[in-house]
Amino acid sequence: MAQAILTGCDDVRMLVTSQAALKVEGERLFRLGALAVPATEISADMALGYGAVALFVDQAKAADRSFSLNDSNVGSVIALCCRLEGNALAIKLAAARLPLLGLPGLHARLAERFKVLGGGPRTAPVRQQTLLSAMEWSHGLLSAQEQAVFRRLGVFSGGFSLDLAVAVAGDDPHDEWAVLDVLQELTDRSFVMTDGQDAPRYRLLESAREYALLKLDEARERNLTHERQARALLLLFEQSYEGPWGSSRYRLAQFKPELDNLRLTLDWCAENDPPLGVALIGASSELFLHLSLRYEARRRFAMFEPAVTSAIPPATAARYWQRRCLFVFNYRSPLVYDFAVKATELHRKAGDESGLYTALGYAVMSAGAPVDESRAMLVEMKRLEHSDWPFNQLQVRMFAQLSLFGREGRHLESRSLIETALSCATARGLKRWVAVCMMFLTDTTLALGDAEEAVRFAREALAGNRLSPGPFIISMTGGLAAGLLVQGRVAEARLALVEFFEASRSREWDYLSVFADVFALFAAHEGRPETAARLIGYSDKVNQLSAGMRVSHDRVLLLAKAAVEAALERPAIERLMVDGHSMDEEDVCAVTLGDAGESRRV
């Protein structure tokens, strides 16, 4: 009809609302997005200027005349509209439930949105009386192929690329155009949203995703589709594993959007296919490392450990153990050695010289082997080394050598080696390696007795990395506090330790055990010898967890012990140290930052 009118009549304009484009000549599309929702919490008056909030308030008042938007409930209303993604029908149906459930009840029940979002006007078309009916009506207009692709796309969380859609949702993974044509139709019908970028990324709105998963269960395809997703992600991360990951911002930008999909898929693997999860966590671990999610990676590696059996291919198992090392450095150092030894054995079995080289380096850095054995490992690393290996990999031997120098007290040689590495990393623009070099440089300089220079290095490093939170910030603030305390600058050290504890707590106490000696010296400098003695006891308990990782702390511990021994009798010190053995991380944080001027009761 539209085509006939436009062809047969002059000077006619038609305004047509439709779920999909008419696809007639001369058509111009104006896509209606969701109603606007405030990005942050704002005042009630300002919030009413956003369509989603205004609609909710209007419909809520229609259902309950006593309802009013105010500054005490505006945050809940905005959050509700966000969860409903500005969908007008969903907002109207939610507002109708307000008198029965209240705002807290609505929030609590949105996990079952198809049950709670019902009860629309009886006079409205059936498809507008419940959110489920609306989805069913729209879904019924799709072809069988479109329905199949749509329901399979429901396994994605946080969006997906075209390549992943082809691998997971199509019947033929080699027929990219079949999926692309369906994706175009689903986008036209607003089942799938696109971000409009040069390399577009797609997503399902949450209501559409929940409905897709319902249909996936009805078709009994959920496990099959999740397996496809897991294998597609494994292939994606396998391609990244071999390259110089750390030197490429592009790669991080490419893989970071898949974090939600990776998390969901690893959870599925843990329940349904642990061997596949072993391969996936090993291949994708670099993403957790670059996003400073070490604490999460530790949990995810641990949940797959029972599946690392002789049935796992040696190369896959070796990668699992080797990559796991990275997430327990400065957290549980003895585990680094255990994991590295397992990796070396498996790399030898798989004939992987590159992997063996790295695993040997981790074993040396863990300080778990005797000095002579560590030297032999370094000799083997030198023999295995290829000059055309990526710079990042060649640095493993250098850091292993630094670790051994520290254990042997060869701090001048360490500093020379670090300065060379720092210069190379800086010239190549490798920020991650620059940060690691600065940590070693600060620590080694303090071990050489130059606390002032160590503090300068720490401040310089922190000034350039404040926007990159993670293990680097934790380690450098701890190192800064150590240098300040050796100089007697206690007030400045307190500020550094406050930041240290806050960052460490947020990452499941990364690096806490490494700096236990520093906490004891801080308490001693503040005139709290009893607390210092307890913290020395805590340090005694955990020092094996960070053995060999901080070469400067022998001096720090000696200073702390000297202060305690000057203030307390030996029996009291021993009793307090025993008390320190029972402290957990929160206890350590609390007593370290406790009030200065503590009583010197013995």
Inset, instruction - Measure centre to centre between the rings of Phe304 and Tyr320, then say whether the value is under 6.0 Å. - result: no

Legend entry - Within-4.5 Å side-chain heavy-atom neighbours: Leu293 and Arg263: yes

Inset, instruction - Search all heavy atoms of Leu384 against all heavy atoms of His386 and return the closest pair with its distance. - result: O-CD2, 3.1 Å

Legend entry - Residue from Phe288, Phe301, Tyr362 passing ring pair (Phe, Tyr, Trp, His ring centres under 6.0 Å) with Phe327: Phe301

Inset, instruction - Ignoring hydrogens and angles, tell me if any N or O in the side chain of Thr316 forms a donor-acceptor pair with the backbone of Ile312 under 3.5 Å. - result: no

Legend entry - Aromatic ring proximity, centroids under 6.0 angstrom, Trp509 and Tyr295: no

Legend entry - Distance-only donor-acceptor check, side chains Asn272 and His226, under 3.5 Å: no

Inset, instruction - Please tell me if the side chains of Ser374 and Leu378 come closer than 4.5 Å, counting only heavy atoms from C-beta onward. - result: no

Legend entry - Beyond-backbone contact of Arg299 with Met303, side-chain heavy atoms, under 4.5 angstrom: no

Inset, instruction - Could I get the full list of salt bridge (Lys or Arg N to Asp or Glu O under 4.0 Å) partners for Glu385, not counting sequence neighbours? - result: Arg397

Inset, instruction - Heavy atoms only: give me the nearest Arg298-Glu508 pair and the separation to one decimal. - result: NH2-O, 3.9 Å

Legend entry - All pairs passing salt bridge (Lys or Arg N to Asp or Glu O under 4.0 Å) where residues 340-350 contributes a residue, at least two apart: Arg348-Glu380

Legend entry - Note, Phe156 side chain near Ser161 side chain (heavy atom, < 4.5 Å): no

Inset, instruction - Answer yes or no: is there a side-chain heavy-atom contact under 4.5 Å between Tyr357 and Gln393? - result: yes

Inset, instruction - May I ask you to decide if Ala481's main-chain N or O and Arg494's side chain share a donor-acceptor pair within less than 3.5 Å? - result: no

Legend entry - Whether Ser366 side chain and Ala363 backbone form a donor-acceptor pair below 3.5 Å: yes

Legend entry - Within 6.0 angstrom of Glu305 CD, more than 12 heavy atoms from elsewhere: yes

Inset, instruction - Report yes if some heavy atom in the side chain of Asp260 is under 4.5 Å from a heavy atom in the side chain of Leu264; otherwise report no. - result: no

Inset, instruction - Write out all pairs satisfying salt bridge (Lys or Arg N to Asp or Glu O under 4.0 Å) with one or both partners inside residues 199-211, taking only residues at least two apart or from two chains. - result: Glu85-Arg203, Arg113-Glu210, Arg201-Glu258, Glu206-Arg209

Inset, instruction - Only counting residues at least two apart or in another chain, list the ones meeting side-chain hydrogen bond (donor to acceptor under 3.5 Å, both in side chains) with Ser414. - result: none

Legend entry - side-chain hydrogen bond (donor to acceptor under 3.5 Å, both in side chains) against Thr187, all qualifying residues, sequence neighbours excluded: none

Inset, instruction - Using a strict cut-off of less than 4.0 Å between a Lys/Arg side-chain nitrogen and an Asp/Glu carboxylate oxygen, indicate whether Glu585 and Arg505 qualify as a salt bridge. - result: no

Legend entry - Sequence-distant partners of Phe500, ring-ring contact (aromatic ring centres under 6.0 Å, His included), two or more places apart: Phe515, Phe519

Inset, instruction - Kindly assign one of parallel, tilted or perpendicular to the pair Phe339 and Trp321, based on the angle between their ring planes and the thresholds 30° and 60°. - result: tilted

